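Below, read A as the first sequence line, B as the second, and so on, with proteins coming before strands; counting in each chain starts at 1. Since the structure is predicted, the reported quantities are computational estimates derived from the model, not experimental observations.
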Protein chains: 2
Amino acid sequence: MTVDAQFETIEATGSEAGTPRSDMIYQAILDAIYQGRLPPGSVVNEAALALEFGVSRGPVREAIRRLQGIQLITREPYIKSRVVTLDATTARELFELRMALEGMACNIDARRMSDAEIDGLISELERSRHNYSADVPGDGSVFDFHERIARACGNARIINLLCGDLYHLLRIYRRHSGAIIERKEEAYDEHWQILRAIKARDPQLAESLMRSHVRRAARNLFDHLDGENLPDI
Amino acid sequence: MTVDAQFETIEATGSEAGTPRSDMIYQAILDAIYQGRLPPGSVVNEAALALEFGVSRGPVREAIRRLQGIQLITREPYIKSRVVTLDATTARELFELRMALEGMACNIDARRMSDAEIDGLISELERSRHNYSADVPGDGSVFDFHERIARACGNARIINLLCGDLYHLLRIYRRHSGAIIERKEEAYDEHWQILRAIKARDPQLAESLMRSHVRRAARNLFDHLDGENLPDI
DNA sequence: TGAAGCTAAAATGTCAACAGTTTTTGGCGA
DNA sequence: TCGCCAAAAACTGTTGACATTTTAGCTTCA
């Protein structure tokens, strides 16, 4: 039940003074989910977490409510909440949403990014080419193409969705779908093509390429999932 | 400062027994924002609302946190929160997001809806033609084309966004943008065309038509807004 | 054996008081 | 009069206790 004993109190991990405890605990629970200490389907107990983090139930409750808001934790009054489970339907819905949002981000990028921004992104992509091999860890401080594309669009709502809620879910899927072949080599080519379309100021092509790219990632995930087959996307 | 004296306690409005107070208060604050009793930019005071609703600060705080989660209320630690203001940038971002999501919804509809569903929607649209005139109140229990299109797509995440967060914001815009000409007559034709494209099983056309429809609504809003001109969308 | 019903434990929901931070207020000096 | 600074007020953040509901375990009976 206990997530871990590595936190004496939440102050140990919390950095800035003046940051509310609820914010620190939000991040701590999120990390626990990321790292699999709170696996999908496990119950999220307010009192236990409060004891663990050395705070009262209030801040823990607030953090949980926030995670429920982005649908990472289930919510039903009086019923104990659980980390969401990752079924095929949820995955399909996630990828459909990504196709819509990341596609639109590319569309906007092709119209709004400056030439300098685009060139900078292209050179960063090429410099990070060695990261696009199967033996480099996926998450970390490496060049994150999708995040950069999203942030470049300048639409705070789209950025917030893609780099917040959806990104959390995607990370959990990656973490818990075992040894998925990540098709990194193909990804590099597709990323490069998308940037070319943006540089060519072709919003529709850029959007179409991004959608295909996300669709292929979805198919890849489903092909390596336990027998689930992907309905038309 | 006080929202209204019409609630003795929250129990008066709350319907079901066993429903948490925080849920009722969430709805109550949302209504207050809708009805303009909490106009954009006004501060949202926990203690005042708690006194108003006859409960302690806890449930009120939770309701506010939820509204902050969908970005209807600002959030910054220790700083008093306010109802979001409706500036041109926010509106542009809202409509861009709607173009992406409602477009995708149409795309999915054209592939997944059954013929019977489509025919039913068409006949409902035609039956409600008399509502598409300027003198019929916009909100109410009338036929809501956009909601129906969104719900038909079956993607819970997209539905949740369009009929939840974004719809709230849109309603507030409608409420506070004065006597906007709602171009209802044009809307009927455009809605009808979209349904034709869905019935013809043409996802790309349906998506394109919906995007244009939303774009025109955005332009209409900005044209009638105080001098703000809409950047390229 | 197992299924329905009851009881105790556990979990979530709510409250009132206290702590820390921000905002306001009032006075001071230039 | 205006800006600056300190103290007070107001507000948000946090806590521990209590209330309400669910959950788990036990008993009973067929």
Nucleotide nearest [X] (side chain, heavy atoms from C-beta), chosen from [options]:
| X | options | value |
| --- | --- | --- |
| P20(A) | dT14(D), dT23(C), dT12(D) | dT14(D) |
| R61(B) | dA24(D), dT23(C), dT14(D) | dT14(D) |
| N45(A) | dG13(D), dT12(C), dC11(D) | dT12(C) |

Less than 4.0 angstrom from a charged side-chain N to a carboxylate O is my criterion; do E147(B) and R151(B) meet it? yes
Rounded to 10°, tell me the angle between the two end axes of the helix from dT1(C)-dA30(D) to dA30(C)-dT1(D), each built from five pairs. 10°
S22(A) side-chain N/O to dT14(D) phosphate OP1/OP2 under 4.0 Å: yes
Pick base, sugar-phosphate or nothing for V44(B), based on heavy-atom distances below 4.0 Å to the nucleic acid. sugar-phosphate
What are the two closest heavy atoms between P39(A) and V83(A), and how far apart are they? O-CB, 3.6 Å
Any protein N or O atoms within reach of nucleotides 15-19 of chain C? Criterion: under 3.5 Å, listing atom names and distances.
residue : atom : partner : partner atom : Å
dC15(C) : OP1  : R21(B)  : NE           : 3.3
dC15(C) : OP2  : S56(B)  : N            : 3.0
dC15(C) : OP2  : S56(B)  : OG           : 2.9
dC15(C) : O5'  : S56(B)  : OG           : 3.4

Applying side-chain hydrogen bond (donor to acceptor under 3.5 Å, both in side chains) to Y26(B) and D31(B), what does each step give before you reach the verdict? CA-CA 9 Å; Y26(B) 169 82; D31(B) 288 344; over 6 Å; no
Rounded to whole Å, how long is the line connecting atom CD1 of I73(B) with atom P of dT12(D)? 11 Å
L51(A) CG to dA10(C) C1', in whole Å, measures 15 Å
Is the Y34(A) ring parallel, tilted or perpendicular to the H168(A) ring (thresholds 30°, 60°)? tilted
Below 30° counts as parallel, above 60° as perpendicular, anything between as tilted: where do the rings of F145(A) and H191(A) land? parallel
Taking the nucleotide of DNA chain D with the closest heavy atom to each, which residue, K80(A) or E62(A), is nearer the 5' end? E62(A)
